[in-house]
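Here is the structure we will look at, set down as structure tokens.
Side chains are part of it too, since the values below use all heavy atoms of this structure and drop only hydrogens, waters and symmetry mates.
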Amino acid sequence: MQNIEDKVFTKIKYSGKGKIYFSADFAKCGTPESVTKALNTLCKKSVLIRIARGIYLYPKFSELLNDFAYPSLDDIAKEIAKRDKARIVPTGVQAQNMLGLSTQVPMNVVYMTDGSPRRINIGTGKGILFKHTSPKNLAFKSDLLMLVVFALKDFGEGKVLPDEIEKIKTLVTKHETKDSVLKDIELAPAWIRKLLLKMF
């Protein structure tokens with residue numbers, strides 16, 4: 001008979017390194033208390049790394065970094081959304097960074113979600129904040145257009161610089177058609193609709 005620790009290790013071993021796990025992923029291995037104890041033991045043995053409360057990483061060593069490769073805050077946020085069956089979109093500096101409009105790498109990121117609002121503390125000084133929004137605001141067919149709209153909202157009307165507009169135009173026209181933009185256009189504020197339509 002395998003003990004709880006062995007059951008947990010067997011599960012992560014066959015899934016491969018570099019994967020994020022949640023405590024609930026091991027619900028079939030034992031009681032919540034025994035699973036938590038097993039996870040803590042595996043962390044002490046450096047088999048797992050606890051990256052937040054109830055969130056663990058089966059680390060993969062990077063020869064390039066000469067250290068373990070840690071997931072980005074965006075990777076963690078996507079895994080949380082996947083677990084919760086929720087939709088998310090980055091906002092603010094995070095959205096601008098992903099679009100190449102900012103070189104800042106935020107320590108704290110904010111996502112709009114149709115799931116539960118919460119804050120996840122990651123290590124020291126880092127965190128992910130999920131803010132609830134109406135499902136309608138996340139109903140875009142195109143993830144890129146949704147990201148662009150939320151990034152532009154953060155800039156504000158009349159505050160987007162010409163070179164920033166040009167970078168967005170290059171991205172949008174490369175990956176989207178006018179038809180795909182028209183399908184999502186009604187979900188954007190009027191000033192953003194006008195800006196996007198001028199790109200085609």
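Residues Arg118 and Asp84 are paired through a salt bridge, judged by an N-O separation under 4.0 Å between the basic side chain and the carboxylate. A salt bridge links Lys78 to Asp74: one of the charged nitrogens lies within less than 4.0 Å of a carboxylate oxygen. We find that Glu79 and Lys19 are not joined by a salt bridge, their nearest charged nitrogen and carboxylate oxygen being 4.0 Å or further apart. Between Asp184 and Lys141 there is no salt bridge, since no side-chain nitrogen of the basic residue lies less than 4.0 Å from a carboxylate oxygen of the acidic one.
Taking the six-membered ring wherever Trp is involved, the centroid distance between the rings of Tyr58 and Tyr21 does not fall below 6.0 Å.
More than 12 non-hydrogen atoms from other residues, nucleotides or ligands lie less than 6.0 angstrom from NZ of Lys153.
Note: Phe140 CZ to Leu145 CG = 7.5 Å, rounded to the nearest 0.5 Å. Leu171 contributes atom CG, which lies 8.0 Å from atom NZ of Lys174 (distance to the nearest 0.5 angstrom). The distance from atom CD of Glu5 to atom OG of Ser34, rounded to the nearest 0.5 Å, is 11.5 Å. In this structure, Leu152 CG and Trp191 CH2 are separated by 5.0 Å, a value rounded to the nearest 0.5 Å. Atom NZ of residue Lys169 and atom CE of residue Met199 lie 8.0 Å apart, to the nearest 0.5 angstrom. Taking CG of Leu144 as the start and CG of Leu99 as the end, the distance is 6.5 Å to the nearest 0.5 Å.
Between the side chains of Arg119 and Asn108, at least one donor N or O lies within less than 3.5 Å of an accepting N or O. Looking only at atom types and distance, the side chain of Asp75 has a donor-acceptor partner in the side chain of Ser72 under 3.5 Å away.
Panel note: side chain Ser180, backbone Glu176; no donor-acceptor pair is recorded below 3.5 Å. A donor-acceptor pair under 3.5 Å is formed between the side chain of Thr91 and the backbone N or O of Val110. Not a single donor-acceptor pair under 3.5 Å links the side chain of Asn97 to the backbone N or O of Gln94. Panel note: side chain Thr41, backbone Lys37; a donor-acceptor pair is recorded below 3.5 Å.
Checked options Lys136, Lys85, Arg87, His132; the residue passing with Asp114 is Arg87 (criterion: side chain to side chain donor-acceptor pair (under 3.5 Å)). Checking each of Ile168, Val148, Val160 against Leu101 for a side-chain contact (heavy atoms from CB on, under 4.5 Å) leaves exactly one that passes, namely Ile168.
In this structure, the side chains of Cys43 and Arg50 come closer than 4.5 Å at one or more pairs of heavy atoms. Considering only heavy atoms from C-beta on, Ile192 comes within 4.5 Å of Leu196 through its side chain. Residues Tyr56 and Ile12 fail the side-chain proximity criterion, which asks for heavy atoms closer than 4.5 Å. Between Val149 and Leu187, the closest side-chain pair of non-hydrogen atoms is not below 4.5 Å. Counting heavy atoms from C-beta on, the side chains of Thr133 and Thr113 never come closer than 4.5 Å. Taking the side chain as every heavy atom from C-beta outward, Met112 and Asn137 never approach each other to under 4.5 Å.
Between Ser23 and Leu39 the shortest heavy-atom distance is OG-CD1, 3.9 Å. The two residues Lys17 and Lys60 have their closest heavy-atom pair at CB-CB, 3.9 Å. Between Glu164 and Lys159, the shortest heavy-atom contact is OE1-O, 4.3 Å. In terms of heavy-atom proximity, Pro90 sits nearest to Ala95 at O-CB, 3.5 Å.
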From CA spacing to verdict: side-chain contact (heavy atoms from CB on, under 4.5 Å), Asp154, Val93
CA-CA 8 Å; Asp154 190 68; Val93 176; 5.5 Å; no
Mind running side-chain contact (heavy atoms from CB on, under 4.5 Å) on Leu138 and Met146 for me, showing each step along the way?
CA-CA 7 Å; Leu138 303 176; Met146 181 164 63; 3.9 Å; yes
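Leu197 and Leu195 fall within a single hydrophobic cluster, where Ile, Leu, Val, Met, Phe, Trp and Tyr side chains are chained together by heavy-atom contacts under 4.5 Å. Side-chain heavy atoms closer than 4.5 Å link hydrophobic residues (I, L, V, M, F, W, Y) into clusters, and following such links, possibly through other members, connects Leu182 to Phe200. Connection of Leu147 to Phe155 is established within a shared hydrophobic cluster, with ILVMFWY side chains joined at heavy-atom distances below 4.5 Å, either directly or through further cluster members.
Hydrophobic side-chain contacts under 4.5 Å tie Ile88 into a cluster, directly or through other members, with Ile20, Phe22, Ile49, Ile51, Ile55, Leu57, Phe61, Phe68, Tyr70, Leu73, Ile76, Ile80, Val109, Tyr111, Ile120, Ile122, Ile128, Phe130.
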